[in-house]
Number of protein chains: 2
Amino acid sequence: MATGRSHRPATRSRGIPEATVARLPLYLRALTALSERSVPTVSSEELAAAAGVNSAKLRKDFSYLGSYGTRGVGYDVEYLVYQISRELGLTQDWPVVIVGIGNLGAALANYGGFASRGFRVAALLDADPALAGRLVAGLPVRHIDELESIVADNQVSIGVIATPAGAAQEVTDRLVAAGVTSILNFAPTVLTVPDGVDVRKVDLSIELQILAFHEQRKAGEDRQDPDGDVPAVMPA
Amino acid sequence: MATGRSHRPATRSRGIPEATVARLPLYLRALTALSERSVPTVSSEELAAAAGVNSAKLRKDFSYLGSYGTRGVGYDVEYLVYQISRELGLTQDWPVVIVGIGNLGAALANYGGFASRGFRVAALLDADPALAGRLVAGLPVRHIDELESIVADNQVSIGVIATPAGAAQEVTDRLVAAGVTSILNFAPTVLTVPDGVDVRKVDLSIELQILAFHEQRKAGEDRQDPDGDVPAVMPA
DNA sequence: CCATCTTTGTGCACGCGTTCACAAAGACAT
DNA sequence: ATGTCTTTGTGAACGCGTGCACAAAGATGG
């Protein structure tokens, strides 16, 4: 993760546990699919299966939001969609800037999941002057030096970093200085941010390495000793 | 997450906790940076700062691997790089197929973090015949129907899914049937897989929604009551 | 109106992960 | 060799998250 409390120690006020917050988007997606099929109600069992979680966990998660179910029947799909959307803050508009318009940045700009939720791409930024003006996902790429004015003019509070690792910290500093308080970081670096700024990190390489670990474990289950021998290099 | 035990209930044998495994790549990255700067040793305090974690946590994590430090001095950087690499299974070669060569798939194919660790892109696959043969990151895109033979010939055990949501489950089924036992899923869908297959999911939209939640919380801290009023639609 | 049946909401126990705090271990100087 | 000083490795306490299991709530039918 990064410095500067990514999550507050214990969510105060109406205290929804962090683990629950992380699952709400999952439920929301499943519910949206049901809504599109005009399914009026759904039981915790069905919805849990669709979201890939335990039904008891789902009920407990919903209990943090309030008592929105009807015993003997289940949950009203539309009502629940609204409640979760509101809780997540998706009923309002979130302007977002994406910095670094390489393949990844372009993929993010084209991602449909943005607009459907409350997210709106306010601008695409890149340091390469050759990219400036080119259309990506219908939006013109603008030069990184416009960052400050764009963030201020559009009241952007969320920034997405899709730059190379070397540029990530500098971009972060500029975003934060301009007023951004939430950052989604795709660059493989630990970002340092002041208190009050949230950072979430998506790291491809890490995910693969975790898979490799389990894969090795699986492959080694047949053999006697999965770990190798003493390394050639000894500690000082 | 997905069906089919993503993580084993309690890691048996030399039992490295799942949370620790997830941090090992982080340490490895920080250590690699130190190694490139020819730093010989590092203390838990310094390394923890570089990785963005607590130093006590780092020491406990390392204690699961064995006693690789020297009291009063710290850890030997090269030695630790080797040990963690071996533990994660990065000393061997992991052939990977990437399915779905849109912007995201192309970004993944171009991602440098692959080759530097033990990962080798064995093939890029896409269902679009128009893409077939086009070079992406120096590799030719091949048609999805070659999936089975490619997986078999290269003994691929890890698959990366970067297709639209609609195609993800079918691709997963084919990958699993062909012998893949670890899947990294970028499509916004819950995948169902048989036991023994690991799935990890990276979901952009979910990360943004979590940020939005905290952002809303931050914005509402000034006001009296951050949650809105009673919704217009009432439950059945 | 009463009985039955379904499904929610939650009290409780358990296990994992985190953090503190300190004793043991070794380096290094004298 | 002895003492001091640094840093590791870990025992123990705590808190969060998960899942069981059941009582309460309400729908539904007779």
Side-chain angles (χ1 to χ4, degrees), chain A residues 1 5-12 14-24 26-27 31 39-77 79-80 83-84 210 234-236, chain B residues 1 3 5-12 14-24 26-27 31 39-77 79-80 83 210 234-236:
Chain A
M1 201 63 60
R5 60 141 197 206
S6 310
H7 317 291
R8 36 200 65 55
T11 344
R12 304 159 318 156
R14 198 142 35 103
I16 298 178
E18 192 59 32
T20 295
V21 172
R23 280 188 295 268
L24 289 182
L26 226 55
Y27 303 145
L31 284 164
V39 177
T41 61
V42 65
S43 72
S44 64
E45 203 72 48
E46 295 168 311
L47 185 55
V53 303
N54 182 295
S55 73
K57 196 186 296 187
L58 179 142
R59 288 199 298 277
K60 182 149 293 203
D61 283 342
F62 285 176
S63 78
Y64 293 118
L65 308 183
S67 288
Y68 293 151
T70 306
R71 300 178 188 222
V73 176
Y75 298 92
D76 182 275
V77 172
Y79 185 67
L80 209 43
Q83 289 298 340
I84 295 180
I210 295 171
M234 285 298 292
Chain B
M1 200 64 57
T3 325
R5 59 144 196 204
S6 308
H7 317 290
R8 32 199 70 51
T11 342
R12 306 159 317 156
R14 197 141 39 101
I16 298 179
E18 191 60 31
T20 296
V21 172
R23 280 188 295 267
L24 289 182
L26 226 57
Y27 302 145
L31 284 164
V39 177
T41 61
V42 66
S43 72
S44 65
E45 203 71 48
E46 294 167 311
L47 185 53
V53 302
N54 182 296
S55 74
K57 194 187 296 188
L58 178 142
R59 287 198 301 275
K60 180 146 290 200
D61 283 342
F62 285 176
S63 78
Y64 294 119
L65 308 182
S67 288
Y68 293 150
T70 305
R71 299 178 188 222
V73 175
Y75 299 92
D76 183 276
V77 172
Y79 186 66
L80 209 43
Q83 289 298 340
I210 295 171
M234 283 299 290

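Every chain is numbered from 1, with letters handed out A, B, ... down the list of sequences. Keep in mind that this is a model prediction, so the values were computed, not measured. The figures that follow rest on heavy atoms only: side chains count, while hydrogens, waters and symmetry mates do not.
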Spacing of Glu46(A) atom CD relative to dT6(C) atom P, expressed in whole Å: 14 Å
Distance, rounded to the nearest Å, where Arg23(A) contributes CZ and dC16(D) contributes C1': 12 Å
N/O (side chain, Tyr64(B)) to phosphate O (OP1/OP2, dC16(C)) under 4.0 Å: no
Donor-acceptor pair present, Lys60(B) side chain and dT19(C) base, under 3.5 Å: yes
Separation of dT8(D) P from Lys57(B) NZ (nearest whole Å): 17 Å
Whole angstrom value for the distance that separates P of dC16(C) from CD of Glu18(B): 12 Å
Options dG9(D), dG9(C), dA21(D), nucleotide nearest the side-chain atoms of Ala56(A): dA21(D)
Touch class at under 4.0 angstrom, heavy-atom based, for Phe62(B) against every strand present: nothing
Nearest-nucleotide pick for Ser63(A), side chain only, options being dG9(C), dG17(D), dG17(C): dG9(C)
Spacing of Asn54(B) atom CG relative to dA21(C) atom C1', expressed in whole Å: 12 Å
Where Val42(B) and Leu47(B) come nearest, the two heavy atoms and their spacing: CG2-N, 3.7 Å
Sequence-aligned protein contact record of nucleotides 24-30 of chain D, with B where the base is within under 4.0 Å of a protein heavy atom and S where only the sugar-phosphate is: BB-S---
Rounded distance in Å - CG (Leu65(A)) to P (dT8(C)): 15 Å
Length of the CZ-C1' vector between Arg59(A) and dA23(D), whole Å: 13 Å
Over all atoms of both residues, closest heavy-atom pair of Ile84(A) and Leu24(A): CG2-O, 3.9 Å
dG9(D) OP1/OP2 closer than 4.0 Å to side-chain N/O of Tyr75(B): yes
Residue pair Ser44(B) / Ser55(B): nearest heavy atoms and the distance that separates them: O-CB, 3.9 Å
Under 4.0 angstrom between Ser44(A) side-chain N/O and dT7(C) OP1 or OP2: no
Test ring pair (Phe, Tyr, Trp, His ring centres under 6.0 Å) applied to Phe62(A) - qualifying residues, sequence neighbours left out: Tyr27(A), Tyr75(A)
Distance, rounded to the nearest Å, where Leu58(B) contributes CG and dT8(D) contributes C1': 11 Å
Side-chain (Ser43(A)) to main-chain (Glu46(A)) donor-acceptor, under 3.5 angstrom: yes
Short side-chain donor-acceptor distance under 3.5 Å, Asp76(B) and Thr41(B): no
Salt bridge (charged side-chain N to carboxylate O under 4.0 Å, His left out) against Arg59(A), all qualifying residues, sequence neighbours excluded: none
